[in-house]
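Here is the naming used below: chain letters follow the sequence lines, and residue numbers restart at 1 for every chain.
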Protein chains: 2
Amino acid sequence: MSGDDKVISINKNTGTAKRPLTLKDVSIASGVSEMTVSRVLRNRGDVSDATRAKVLKAAKSLGYVPNKIAGALASSRVNLVAVIIPSLSNMVFPDVMTGISEVLDDSPLQPVVGVTNYSPEREEQVLFEMLSWRPSGVILAGLEHSDASVAMLKSASVPVVEIMDTDGEAIDAVVGISHRRAGREMARQIVKMGYRQIGFLGTKMSMDHRARKRFEGFTEALAREGIEVVDQEFYDGGSSLAKGREMSARILERSPELDFLYYSNDMIAAGGLLHLQESGIDVPGQIGLAGFNGSEFLEGFSLQVATMDAARRDIGREAARIIAERSDGSLQGTGQKIELEPRLQMGDTLRRR
Amino acid sequence: MSGDDKVISINKNTGTAKRPLTLKDVSIASGVSEMTVSRVLRNRGDVSDATRAKVLKAAKSLGYVPNKIAGALASSRVNLVAVIIPSLSNMVFPDVMTGISEVLDDSPLQPVVGVTNYSPEREEQVLFEMLSWRPSGVILAGLEHSDASVAMLKSASVPVVEIMDTDGEAIDAVVGISHRRAGREMARQIVKMGYRQIGFLGTKMSMDHRARKRFEGFTEALAREGIEVVDQEFYDGGSSLAKGREMSARILERSPELDFLYYSNDMIAAGGLLHLQESGIDVPGQIGLAGFNGSEFLEGFSLQVATMDAARRDIGREAARIIAERSDGSLQGTGQKIELEPRLQMGDTLRRR
DNA sequence: GTGTTTCAGGTTACCGCTAACGAACTTTGC
DNA sequence: GCAAAGTTCGTTAGCGGTAACCTGAAACAC
């Protein structure tokens, strides 16, 4: 029995392959060994210009697409970076992704995104899936992970960069801002501007550790001035302008004495702004406002809401840089820590006139 | 020379592997063959409950993570679906992704996202990269692709679903809405409500084929009523409220006679709304407005801007369903076409009072 | 002319896993 | 009691590439 009796229908240009092409097909078509084809396609090793041209021509005319699965297995190099984030619809992670892509585009690495929906169990699953592809690095949001997740990451022996947050203990490298500090700075500024009756509006914080840390920093700094948060309002589900409106209405009905509203993100802060304006409340004279994230879309409103830029793009860029440089060997060691500065933007809603 | 002289430091629980674990490690630890371990881990074939338990225990205690690269090569099954979209920061693709994930979560498949930034060359690159992982299916936005891209897709012999748009010729399956029709319906409704002096504001449309088709449908339907678009205003770069404001200001300065503004997306439409309201213009009495996408955040404004829902989630769901069912064999054949209904939402800005 | 490099390319042995087959042992039927 | 049919598990041979080594011919030195 011959081993060569498979039906092989090679197709020129027409592009209707029955059986996926392999290196062998290209090697036959160009009359050299598979190894030489491999060398040409990866620009590695010594190949004469003549054969190189021959091989490239054959590969192109066949429409050969290399099989990275096989390549990765053989070379045990996988040029993927796992990026694990809680959500895409968040307005913050697309920015982080942009930063990551900017850097990885100049490297052989490619990001692969996994979304956890703020669920630790889901994070564990996604992480397991991702690690089973043996990526060159992992970037993941936050410092809080299940024990199993931490164990997997530690034993995976790949560069790990935890992003967004620097308040806590990292597995390996970290890039982010201190949310506790962001909360403190905002609190100090609010008090400095003369506001005293302060309300807080945000997500139910059991899931969102960064919002919680901001809140902790916030109340801590207020406490130091002898001030307490007067009232709080929480929501769950996604952020929206409408939610910001409703929450603002509710908290003000309950606590009409409030003179400042601190929101856990810009979307609900903007909703709050719209509500206050329509209720004929003077912003920032009667009530001041602040959000968080430094979202670009705040620029569109009649008043620029005070906020704090979370340096999202930079976080993405730095995280990707660490992975890229560690994976090409230009950066040695582990455990790098990059703490970026949250930049306060006073806008128009954090000053009494 | 023995082949077994590699330094192997097995680590229980502590998770500080020197050498990544393989099936063999688990097989040794549990005293069965690699094949049996493989069967247990994939829930396939006959394994007694006793050995199953033994193997699972060993795998867990070692912290074994299977190597999908090797598995995929051996079984020539790769449970990845390539999803290729123009942008993440768009507010529309996150919704599509949500739909895709909803469906794929109930299947063994996993989405992998690639972003093209509306560039055909980049699309070609990303596609090549993705196909070299031999995915089980490809979902990509739009019907317009480079010749090389089309050739790759055709010869890849995997299910391909082009999404968002149904106006044109598909490579294989399509799921989307007719943007031409969406434009037409909006035009008819605008005229029906009595508006006559109509302006258009949108992206430079050389890149964005769907915006172009909407515009074509729009002008076509207007023409049938003997009406022409009075003035147009274009922008490039990302959409933002601020841009919507500026553009609206400019077009109204140039053409103060306008009584309706049709925007190519909801973000700039909302910006326009804010501008008009602050300029003391009566909306929709003096000037009417409409956007496109059915974005949720429109609900937060004092007036609900008229828009047309693009069924983004459903598009994602249906596309994923086609891939999933074709890949598990429950759906036969190729070239499925699903045209969804764009739903007009009149809101408050498309009625003269 | 002989020995040493250099260059261009081929050979061989895996990478870690799974499909396909087959063997040993147990159960069932009569 | 023995053959037929399960059940459970092991063996073998790749999947499509690449690392590492090897070979033959040409180029160079002296």
Visitor: Nearest whole Å is fine: how far is dG16(D) C1' from Leu131(B) CG?
Guide: 17 Å
Visitor: I need the NZ-C1' distance between Lys68(A) and dC15(D), as an integer number of Å.
Guide: 19 Å
Visitor: Quick check on contacts: within residues 43-53 of chain B, what sits under 4.0 Å from DNA chain D by heavy-atom distance?
Guide: Asp46(B), Val47(B), Ser48(B), Thr51(B)
Visitor: Tell me whether the OP1 or OP2 atom of dG17(D) has a side-chain N or O from Tyr64(A) closer than 4.0 Å.
Guide: yes
Visitor: Establish, with yes or no, whether the OP1 or OP2 oxygen of dT18(C) is under 4.0 angstrom from a side-chain nitrogen or oxygen of Ser75(B).
Guide: no
Visitor: Rounded to whole angstroms, how far apart are CD on Glu34(A) and C1' on dG16(D)?
Guide: 8 Å
Visitor: How far apart are the C-alpha atoms of Val160(B) and Leu140(B), what are their side-chain angles, what is the distance that settles it, and do they pass the side-chain contact (heavy atoms from CB on, under 4.5 Å) test?
Guide: CA-CA 8 Å; Val160(B) 176; Leu140(B) 78 173; 3.8 Å; yes
Visitor: From CE of Met35(B) over to C1' of dA19(C), roughly how many Å is that when rounded to an integer?
Guide: 7 Å
Visitor: Run the numbers on Phe93(A) and Val113(A) for side-chain contact (heavy atoms from CB on, under 4.5 Å), then give the verdict.
Guide: CA-CA 11 Å; Phe93(A) 292 106; Val113(A) 187; over 6 Å; no
Visitor: Taking only side-chain N and O atoms of Ser38(B), does any of them lie within less than 4.0 angstrom of OP1 or OP2 on dC17(C)?
Guide: no
Visitor: Has Ser155(B) got a side-chain atom pairing as donor or acceptor with Ala151(B)'s backbone, closer than 3.5 angstrom?
Guide: yes
Visitor: Between atom CG in Leu73(B) and atom C1' in dA19(C), what is the gap in whole Å?
Guide: 13 Å
Visitor: Consider the side chain of Thr22(B), meaning its heavy atoms from C-beta on, and name the nucleotide among dC17(C), dA19(C), dT18(D) that approaches it most closely.
Guide: dC17(C)
Visitor: Can you measure Leu23(B) atom CG to dC17(C) atom P for me and round it to whole angstrom units?
Guide: 4 Å
Visitor: Let's see if you can work this out: which of dT11(C), dC15(D), dG10(D) has an atom nearest to the side-chain heavy atoms of Ser33(A)?
Guide: dT11(C)
Visitor: For Arg52(A) and Asn43(A): C-alpha separation, side-chain torsions, deciding distance, then whether side-chain contact (heavy atoms from CB on, under 4.5 Å) applies.
Guide: CA-CA 9 Å; Arg52(A) 173 179 307 279; Asn43(A) 276 317; 3.2 Å; yes
Visitor: Among the nucleotides dA19(C), dC9(D), dG10(C), which one has an atom lying closest to any side-chain atom of Arg42(B)?
Guide: dA19(C)
Visitor: Can you see if the side chain of Arg39(A) gets near the phosphate of dG9(C) - specifically, an N or O under 4.0 Å from OP1 or OP2?
Guide: no
Visitor: Please report, rounded to the nearest Å, how far the P atom of dC15(C) is from the CD1 atom of Ile69(A).
Guide: 18 Å
Visitor: Counting heavy atoms from C-beta on, name the nucleotide in dG14(D), dG17(D), dA19(C) closest to the side chain of Ala70(A).
Guide: dG17(D)
Visitor: Salt bridge check: are Asp105(A) and Arg122(B) linked by an N-O gap of less than 4.0 Å?
Guide: yes
Visitor: Please report, rounded to the nearest Å, how far the C1' atom of dG16(D) is from the CH2 atom of Trp133(B).
Guide: 13 Å
Visitor: Could you tell me the separation between the CD1 atom of Ile69(B) and the NZ atom of Lys68(A), rounded to the nearest 0.5 Å?
Guide: 10.5 Å
Visitor: Output, in order, the C-alpha distance, side-chain angles, deciding distance and verdict of side chain to side chain donor-acceptor pair (under 3.5 Å) for Thr98(B) and Ser101(B).
Guide: CA-CA 5 Å; Thr98(B) 305; Ser101(B) 300; over 6 Å; no
Visitor: Run the side-chain contact (heavy atoms from CB on, under 4.5 Å) test on Ser38(A) and Arg42(A) for me, step by step, so that the C-alpha distance in whole Å, both residues' side-chain angles and the decisive distance to 0.1 Å come before the verdict.
Guide: CA-CA 6 Å; Ser38(A) 172; Arg42(A) 288 176 302 145; 3.0 Å; yes
Visitor: What nucleotide, of dC9(D), dG16(D), dG16(C), holds the atom closest to the side chain of Asn67(A)?
Guide: dG16(D)
Visitor: Could you check which of dG17(D), dG10(D), dA19(C) has an atom nearest any side-chain atom of Arg77(B)?
Guide: dA19(C)
